[in-house]
There are 4 protein chains.
Amino acid sequence: MARGINKVILVGNLGQDPEVKYMPSGNAVTNVTLATSDTWKDKQTGQPQERTEWHRVVFFNRLAEIAGEYLRKGSKIYVEGSLRTRKWQDQSGQDRYTTEIVASEMQMLDGRGGDSNMGGQQGGYANQDPMGYGQPAQQASRPAPQQSRPQNQAPAQQQPQPAAGFDDFDDDIPF
Amino acid sequence: MARGINKVILVGNLGQDPEVKYMPSGNAVTNVTLATSDTWKDKQTGQPQERTEWHRVVFFNRLAEIAGEYLRKGSKIYVEGSLRTRKWQDQSGQDRYTTEIVASEMQMLDGRGGDSNMGGQQGGYANQDPMGYGQPAQQASRPAPQQSRPQNQAPAQQQPQPAAGFDDFDDDIPF
Amino acid sequence: MARGINKVILVGNLGQDPEVKYMPSGNAVTNVTLATSDTWKDKQTGQPQERTEWHRVVFFNRLAEIAGEYLRKGSKIYVEGSLRTRKWQDQSGQDRYTTEIVASEMQMLDGRGGDSNMGGQQGGYANQDPMGYGQPAQQASRPAPQQSRPQNQAPAQQQPQPAAGFDDFDDDIPF
Amino acid sequence: MARGINKVILVGNLGQDPEVKYMPSGNAVTNVTLATSDTWKDKQTGQPQERTEWHRVVFFNRLAEIAGEYLRKGSKIYVEGSLRTRKWQDQSGQDRYTTEIVASEMQMLDGRGGDSNMGGQQGGYANQDPMGYGQPAQQASRPAPQQSRPQNQAPAQQQPQPAAGFDDFDDDIPF
DNA sequence: TTTT
DNA sequence: TTTT
């Protein structure tokens, strides 16, 4: 239930591959940064200008898993969510704040994973249907991203990587 | 021109009276904090829970003047805008970041000013047409709200109050 | 699951009291018309112009019951939903189409019921908690609005009023 | 100026090539139909279901020209706009209503024109920069769509095609 | 009529 | 750090 409206709608591109972490409960939490940009012409000089805004987006649970599996650096997505400002302490104990978009809906706007220049070394996520549409696409081999993080398919065995607690998945820099 | 979509929609109530400042150019900049809240029942205990989110909203130019004149602590408004994260330095020279909603549209959702506990001394807000609807607004004398900030009608003479530069209207706390 | 985005956001006022109907399943369906308006100045004459847009909004299930109980002619609400165009046949058997907003979220933006000219006989809306916020709502007896439609609390006994089938709750005029 | 909020956000694919018309003033008006769809599983049978919603979107002026030049059947776009229901008379003189989304913003979400299976026979729109970003893409030859409509670049000479008046660009069927 |  |  909500009192007031707190809604964010973004369409942008991922700055890096998603970072998936798991909470003690086994629920996934995935963080991505999303770029949107404005371009305009300087009134004085007529020079084209550009400002890129970086948004910190966080996905939970099922969306987190989909994001972790299917999004890559460069992926273009639609995200709907709400703003949340978290308070945390930096190394020196000072209060700091980070504003994130907690995603409630996500759609991939490009079929490709995004960054296509990622080598060919890996296992592949073939035959998947991320968003739950239709039947398991025919696509033979989708190259897996270069990643050291655990495979999301097997959250149980990602033990060695200490599961992140809900309140420590923030680092001490905003992004 | 935009690349990507960066859109925020909020409906909430002001935490305090707006803070209006003027840029050297004479353009107004108004900051408000807006509360939205979520309520839910704790799954374990069934206890009602509430979390209030505070949004930092900034208005420029004409919207800034309307906001400064007509909004008050408690006012309920609709705001549409975009996210912008500003970088600034705290006292110790450390980089810090604040995320704001730069408003592109605003609508007042209650006729009254909002804050009902502002004493009984002043005249009310009769005969006003803040958003430009309605009849040509004969309003000879618009009653001023209780405020120590300069009257927006006369930004030129608000000199004594040192005009805020565009990049110093951030304090060293997020809100 | 959605392919694409189909989202509508409205803030406006109800043109009449809501019309609540019940499907054979006992589920409520409530229709309202919502006004939004644009005002501008004619470029030639400088005369203020106004155009009011009427939106047909439909609520289902719990939202339908809340709408039926708490909204009145004049109520200001926020509605979020999606567009749906229904096909139907007019008296002469011709295909016709009506576009509606199927609401997924609704918030009341004024405490009062809206229509203040609803006679003076009834007790007001005290002790209510329409949207489910706040404390368990002691409300012994919720005063009924002036309505000939069945009480939503007891859909089962609203028999005499022939329950509307899902596909006949459209009349032969758009609104 | 607006009273109330009337906002639509769509992400979908064009059902056909855009239809560009010109008003007597020379201003362009472009109509497209946009598909969004919902998929779900039938609760009883577990069968996957799909419902496609078709939206009638209208662009004016500069957006109309961009839409006419760069969008094609199949193009995926983001559209933001407002709802407008137009009244018109069918052949038999009966009042009918059509609801459209009047676009205020549009972004193309795929680089390609959309329908790629359109042969290579014609003149091409190479070296253009539709949305005003960056420098005129390198792309040598973009195949032009199969269309009988006039080239938008030369609205003046599209005479033979009788210019559509503002109020006759509706046909007698909704889409 | 689109798309996956 | 993305994208065109």
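Keep in mind it's a predicted model, so treat the numbers as computed, not measured. Reminder, nothing fancy here: chain letters follow the sequence lines and each chain counts from 1.
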- Message: Please report the distance, rounded to the nearest Å, between CG in L14(A) and P in dT3(F).
- Response: 10 Å
- Whole angstrom value for the distance that separates P of dT3(E) from CZ of R72(D): 14 Å
- Query: Of the nucleotides dT2(E), dT1(F), dT4(E), which has the atom closest to the K73(A) side chain?
  - Reply: dT1(F)
- Query: dT3(F) P sits how many Å from L10(A) CG, rounded?
  - Reply: 17 Å
- Query: Does the pair F60(A) and V58(A) meet the rule for a side-chain contact (heavy atoms from CB on, under 4.5 Å), with working shown?
  - Reply: CA-CA 7 Å; F60(A) 291 100; V58(A) 56; 3.9 Å; yes
- Query: Going by ring centres under 5.5 Å and near-parallel planes (under 30°), is W54(D) stacked on dT1(E)?
  - Reply: yes
- Side chain of N13(D) - closest among dT3(E), dT1(E), dT3(F): dT3(E)
- Message: Please enumerate all residues that pass side-chain contact (heavy atoms from CB on, under 4.5 Å) together with E53(D), with sequence neighbours excluded.
- Response: N6(C), R84(C), T85(C), T36(D), R51(D), H55(D)
- Taking all atoms of both residues into account, what is the closest heavy-atom pair of G74(A) and D110(A), and its distance? O-OD2, 4.2 Å
- At under 4.0 Å between heavy atoms, what does T36(A) touch on the DNA or RNA strands: base, sugar-phosphate, or nothing? nothing
- When rounded to whole Å, the CD1 to P distance for the pair I77(A) and dT1(F) reads 20 Å
- Task: Measure the distance from CZ on R56(D) to P on dT1(E) and round it to the nearest whole Å.
- Result: 17 Å
- Message: So, using side-chain contact (heavy atoms from CB on, under 4.5 Å) as the criterion, who are the partners of E50(D) when residues are at least two apart?
- Response: S37(D), T39(D), T52(D)
- Query: Roughly, in whole Å, what's the span from NE2 in H55(A) to C1' in dT1(F)?
  - Reply: 13 Å
- Message: Given dT1(E), dT3(F), dT2(E), identify the nucleotide with an atom nearest to the side chain of T33(D).
- Response: dT1(E)
- In whole angstrom, what separates E50(A)'s CD from dT1(F)'s C1'? 13 Å
- Message: Please report the distance, rounded to the nearest Å, between OH in Y78(A) and C1' in dT2(F).
- Response: 20 Å
